[in-house]
Participant: 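My questions all concern the structure below.
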Amino acid sequence: MKSDGGQKEIKKIKKPKSVSGAMWRYFVLLAILLTVLIEVVFFIIVSNTFENQARDRITSIGREVEAQLRNPFELEESIYRNRREGVNVLLVSRDWEVVAPRDYDEAMGGIDNVKERLVALERVGMSEVFRASGNIYYVSCAEYIGKPHYLLVSYSLSIVQDTVRNLQIYLLLIGIGVVFIAFLVSSVFSSKITSGLKTMSDSAVRLAKRDYKVEFNNVDYQELAKLSDTLNYVRDEVKKSEDFQREILANVTHDLKTPLTMIKAYASMIKEISGDDKVKREKHIQVIIDEADRLTGLVNDVLSVSKLQSNIDALNFKVFNLTELVYGIINKFGYLQESQGYNLMVDIDANIYTRADEEKISQVIYNLLGNAANYTGEDKTVFISLKTSMDGKRVKFSVRDTGKGIAREELDEIWNRYYRVKENHTRPVKGTGLGLNIVKAILENHSFDFGVDSELGAGSTFWIDFPCVPSEL
Ligand code: ADP
């Protein structure tokens, strides 16, 4: 008990999320993630590319200047030209005196922080490209007026960094714009979906109030269209089931009323009229017994249908002698032969065994024989056969009558509950309109093939295909 209460509480606490809220969150989260990802990737790619380009440029300028060392005039001019493009070139003697440019002053950038690297260049021709304190350097040891000097070419990365920073700001603004657009799109989109769901939920409420005219017709999205189809299907099934319940109630009460009225009428007749007349009394009592039997049959049929419907009666498979079972049922109909002039023609193979629920199969065969007797023609003949197939693996049971037959359009209907072909027939066995439905349910539960072949004016043949099994199984 306690744990149940706990579970209920947990269920209560978990509040369902709203679709629009969730969609909004996911959209915005996605937009933020994408923006951040693009920014990071952009930053890595751009700064690396810029730096690599700067290194290449500095190196090529360094090589160019090295070539110009032979001509001091050309050297000065090249230094000024490069300075205009943001590249500083210095020529320093080995005792740290700046040889070029002539207008050098400390503000142009000292050499102290790269002195160690310069010292490492021991021989003429050695060079190195590196990054230090926000600059890219190309340093080399080169010969100038017959002596080794240090050449120092530097380029400040601050221009690159400024560009990257500006781009980042733009990207950030774009990101904010994207998030805002994502918010708008998600709002429009989610309101479209939720309005569809809301309409469906309203329709479902109408369905719950038994308004079967309600239509679920949302076809905007595949999933909602599928849900609409399912709900339309549910509506049809609920309606069918309700119709069936109403129908069954009407039919059962109607079918109960007739025999009950008869029983009451005949009992009164015995009491008031036939009491002392033995012959009359016997006749009247027989009517009461017949009507009581009919009532029992009806109640049993209704019970069978509801049991089969709810599947509570599991099948009890076993191997049994089908020949004997069929003969046993034919014998029960013997009274028709004796008292009412019926001809039951049989063509039955001996000792055929099958595997099924014997009691249920007996119910099926009984129903089919009863129907054939009810609906056969003037000659009152019913043909019953049980024949094995050529390979001996199957056995076909069939009951044929010579009645009016069943119209093609009614062939499928007769298996439905309470379906009765309009026309009346002579009925030695009282029917309830449930017989064939029970037959169908039982045979379907067994997964046996069955059917009816019928021709108007020539009669009908109901058949079942049983598996044939050896007797010792
Ligand atoms: P019922 O109790 O009315 O016989 P069933 O479910 O057994 O109910 O049969 C349903 C309907 O199918 C019958 O009312 C009858 O119209 C038709 N039907 C069944 N068997 C035959 C048959 N052998 N020949 C003609 N019609 C038949």
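Both ligands and their constituent atoms are indexed starting at 1 by order of listing. This chain uses plain numbering: 1 for the first residue, then up along the sequence.
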Participant: Do Glu242 and Tyr212 get their side chains close enough for a donor-acceptor pair, meaning under 3.5 Å?
Facilitator: yes
Participant: Mark up the atoms of ligand 1 that fall under 4.0 Å of a heavy atom belonging to Ile406, in ascending order.
Facilitator: 25 (C), 26 (N), 27 (C)
Participant: If you take the nearest heavy atom of each of Thr461, Leu436, Val439, which one is closest to atom 5 (P) of ligand 1?
Facilitator: Leu436
Participant: Just to check, does Trp415 reach to within less than 4.0 Å of ligand 1 when the distance is taken from its heavy atoms?
Facilitator: no
Participant: Can a side-chain donor-acceptor contact be found between Asp379 and Thr402 if the only test is distance below 3.5 angstrom?
Facilitator: yes
Participant: Can we say Asp465 and Lys396 salt-bridge, meaning some charged N sits less than 4.0 Å from an Asp/Glu carboxylate O?
Facilitator: no
Participant: If we ignore angles and hydrogens, is there a donor and acceptor under 3.5 Å between the side chains of Ser398 and Ser385?
Facilitator: yes
Participant: Would you check if the side chain of Thr296 reaches a backbone N or O of Ala292 as a donor-acceptor pair within less than 3.5 Å?
Facilitator: yes
Participant: Going by the order shown, which atoms of ligand 1 are within less than 4.0 Å of some heavy atom of Ile414?
Facilitator: 10 (C), 12 (O), 17 (C)
Participant: One thing to verify: whether Asp202 and Arg206 come together as a salt bridge, which I'm taking to mean a side-chain N less than 4.0 angstrom from a carboxylate O.
Facilitator: no
Participant: Mind checking whether Asp401 contacts ligand 1 via backbone (N, CA, C, O), side chain (CB onward), both or neither, at a 4.0 Å heavy-atom cut-off?
Facilitator: side chain
Participant: Can you check whether Asn374 has an N/O within less than 3.5 Å of an N/O in ligand 1?
Facilitator: no
Participant: Between ligand 1 and Ser460, can you find any atom pair, the residue atom being a heavy atom, that is separated by under 4.0 Å?
Facilitator: yes
